[in-house]
Number of protein chains: 2
Amino acid sequence: MTHPDPPASRKRTKATSIDIAHHAGVSQATVSRVLRGSPLVNAETRRRVEEAVRELNYTVDRHASSLRLQRSGTLALLLFEDPTADDSHINPFFLSMLGSITRACARAGQDLLVSFQQLSDDWHADYADSRKADGLILLGYGDYLSYRGKLDTLLEQGTRFVRWGAVLPDQPGLSIGCDNFHGGELVGQHLAGLGCRRVAFLGDASSHYPEFLDRYRGCDAALRVAGGAMDPALQVDAQSAEDDGYAAARELLARSGAAGAAPGFDAVFAASDLIAIGALRAFEEHGLHVPGDVRLVGFDDIPTARFTQPALTTVAQDTSAAGELLVETLMALIDNQPAQSRMLPAQLVVRRSSGAAPG
Amino acid sequence: MTHPDPPASRKRTKATSIDIAHHAGVSQATVSRVLRGSPLVNAETRRRVEEAVRELNYTVDRHASSLRLQRSGTLALLLFEDPTADDSHINPFFLSMLGSITRACARAGQDLLVSFQQLSDDWHADYADSRKADGLILLGYGDYLSYRGKLDTLLEQGTRFVRWGAVLPDQPGLSIGCDNFHGGELVGQHLAGLGCRRVAFLGDASSHYPEFLDRYRGCDAALRVAGGAMDPALQVDAQSAEDDGYAAARELLARSGAAGAAPGFDAVFAASDLIAIGALRAFEEHGLHVPGDVRLVGFDDIPTARFTQPALTTVAQDTSAAGELLVETLMALIDNQPAQSRMLPAQLVVRRSSGAAPG
DNA sequence: CTGAAAGCGCTTACAG
DNA sequence: CTGAAAGCGCTTACAG
């Protein structure tokens, strides 16, 4: 039984499994077996190896292991930003998703690679092909139609991925998303219950932004039950940033020709909290009181929503469950287990901006 | 000149450099040279290889490359949370740091591994030893004294790391931090200029939390210039979360025995915005008006600070520059270039909570 | 239960 | 300028 010699000069070079083998008086193969938890190892041998591992402070080299196993134990989170977004801050909602995904990965024993991407970037080529990650989590707003094609490419290449977003009937790959339609319904019911008849919508309500579209439709459905409906004339496009909301609200005000006079709408449903916050600023500047003159509802329940003046009524998405489910679904895909798209419940959070709460 | 055969069955298996070599009619070594940008390659050969790479959609296998190069091209961001923190949300300030670090890594061509750690975890063993990352970025609040030892261990092991936090004279390793002392001075000057004499401090001002301590000292120094000083009786410990701020403010109120009567302080400097927001709630419940009865200043300038009622005067840290500098410094360390600790300027952002702005 | 050996896919010193 | 070959540090089928 010969064992390989350890390196002659032990000059603070990282320990390898060969060092451990020598230290414990076993073969390198046995060290590897112990470290991978093989049942084929004698208890006493295992003990000796484990001791050497502790003593030499050894950790398995991740690259050697991944190369051999053809598996990296790493997931990649790609966060898309709209090309319009300058170097400004990321939507807090996504930051909160990032937090929950990070935790979920830790629980699943996976490492997480995080990257921000422009929608236009050549991202589909990179992470999976280079085997940096076993699968991708796709997150972010952006024109769905223009990135759908990239999803097709991913699928063709056999890349495992899960997307956060609208759950659509015929989409490429799997999505986890909030039940946006129901979220919209909750808003519509709430506003109709408060007697609103003319509900404006701030957000791109087309199939370019299917999440916003679902929110719009849900609200419309609820209003119809109450004998009303959304009016397309009261819909103004907006991406999800605050400035977009500000601009859209001004456009809405201009359109309804309400220079000082009563506006042509009694409520505004903003497709995101950031949009709502921008709109709030525009209304304020215009001398329009929220909720006195206009009731306002957002979507996402970002941390700031509690602090706007008035505090923002909004729809909360369960980011904790979302992160968990995204990781779980992606792991199933990677392990060739059955997996499916799923929607998470939405919850209305009533605060003062809709004029319903006490005070 | 013989070239290795490509795999017989081409069943959607990822292309390797051998496939490319065969396709381009060169050796695998030459493919590698082209991909690593070696100048030793004939232009026409290079062209052929590049074409094959495009055609077969080839990407270098990261693990094989890293194993060979003994370099991963990856940085790890370890975000510490206090053990007290339940599954609640991360301080938005750190989320914003995370955003800027992510961008900086992208610009530096490095991948970023993100992980949340409990201060108590055995994190020092993992990332660098396993070669998952070439270096670590350490971020987060937590008892400095209790984690200083781990920094020493990292240093001993030869792990490259940079820490975000207080820049201290005799600390292990390098730190990038905001000039907390000067940030505190700015607050002290501002408050003194408004005629405040009794400034309370909400935050742990000991060497367990050197950043908070520096803020405290800076404020004290500024008050002394104006003929005053901080009063230790008006200092209440608080970690950085909102609930801690709420509790600390109530403790302060109880201590100064001000049940309805005028409190024993005319201003409060909260060590973080989150603490300030919690304090604001406590003061409100107590019937204390900000800034009428108490002037309030925070630290960090998180997104919500603009929206509290009244909007929060605070000290902004340049997170963009911070991320850039953290990555730059860590890269220098990894490349064995000279590198040093650095402080970034702090900037006072005056809003209504200090009673100085118009309105 | 254990060791010897092959091989994961690269990179680069060496020889031409 | 290019190819053949060694080797990075693992994991596991194979043989005992």
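Below, read A as the first sequence line, B as the second, and so on, with proteins coming before strands; counting in each chain starts at 1.
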Could you tell me how far C:dA5 sits from C:dC1 if I compare only their P atoms? Round to whole Å. 24 Å

Looking only at atom C1', what distance separates D:dG16 and D:dT12, rounded to whole Å? 16 Å

Under 4.0 Å between any heavy atoms, over every strand shown, what does [X] touch: base, sugar-phosphate, or nothing? Just pick one.
| X | answer |
| --- | --- |
| A:T45 | sugar-phosphate |
| B:L40 | base |
| B:R33 | base |

Under 3.5 Å for both donor-acceptor distances, Watson-Crick or wobble: does C:dA13 have a partner, and if so which one? none

Base-pairing assignment for C:dA4 (Watson-Crick or G-U wobble, both under 3.5 Å): none

Rounded distance (Å) that lies between atom [atom2] of [N] and atom [atom1] of [X]:
| X | N | atom1 | atom2 | value |
| --- | --- | --- | --- | --- |
| B:Q70 | C:dG9 | CD | C1' | 14 Å |
| B:L35 | C:dC10 | CG | P | 9 Å |
| A:R131 | C:dG9 | CZ | C1' | 9 Å |
| B:L69 | C:dA13 | CG | P | 11 Å |
| B:Q28 | D:dA6 | CD | C1' | 12 Å |
| B:I18 | C:dG7 | CD1 | P | 12 Å |
| B:R46 | D:dT2 | CZ | C1' | 13 Å |
| A:L67 | C:dT11 | CG | P | 12 Å |

Nearest to the side chain of [X] - [options]?
| X | options | answer |
| --- | --- | --- |
| B:D61 | C:dC10, D:dC10, C:dT11 | C:dC10 |
| B:N42 | D:dT2, D:dG9, C:dT11 | D:dT2 |
| A:R36 | C:dC10, C:dC1, D:dT11 | D:dT11 |
| A:A29 | C:dG3, D:dC8, C:dG7 | C:dG3 |
| B:R68 | D:dT11, C:dT11, D:dT2 | C:dT11 |
| A:S32 | D:dC8, D:dT11, C:dC8 | D:dT11 |
| B:V60 | D:dT2, C:dC10, D:dC10 | C:dC10 |

Examine [N]: is either OP1 or OP2 under 4.0 Å from a nitrogen or oxygen in the side chain of [X]? Give yes or no.
| X | N | answer |
| --- | --- | --- |
| B:Y58 | C:dG9 | no |
| A:T30 | C:dG3 | yes |
| B:S27 | D:dT2 | no |
| A:S65 | D:dT11 | yes |
| B:S17 | C:dC10 | yes |

Charged N to carboxylate O below 4.0 Å: is that the case for [X] and [Y]?
| X | Y | value |
| --- | --- | --- |
| B:R160 | B:D134 | no |
| B:D335 | B:R71 | yes |
| B:R103 | B:E324 | no |
| B:E50 | B:R47 | no |
| B:K14 | B:D19 | no |

Could you check A:L333, A:L174, A:L155, A:T329 and say which one makes a side chain to side chain contact (heavy atoms under 4.5 Å, CB included) with A:F161? A:L155

Check the orientation of B:F80 and B:Y147. Use parallel for under 30°, tilted for 30 to 60°, and perpendicular for over 60°. perpendicular

Comparing nearest nucleotides in DNA chain D, the 5'-proximal residue of the pair A:V31, B:A64 is B:A64

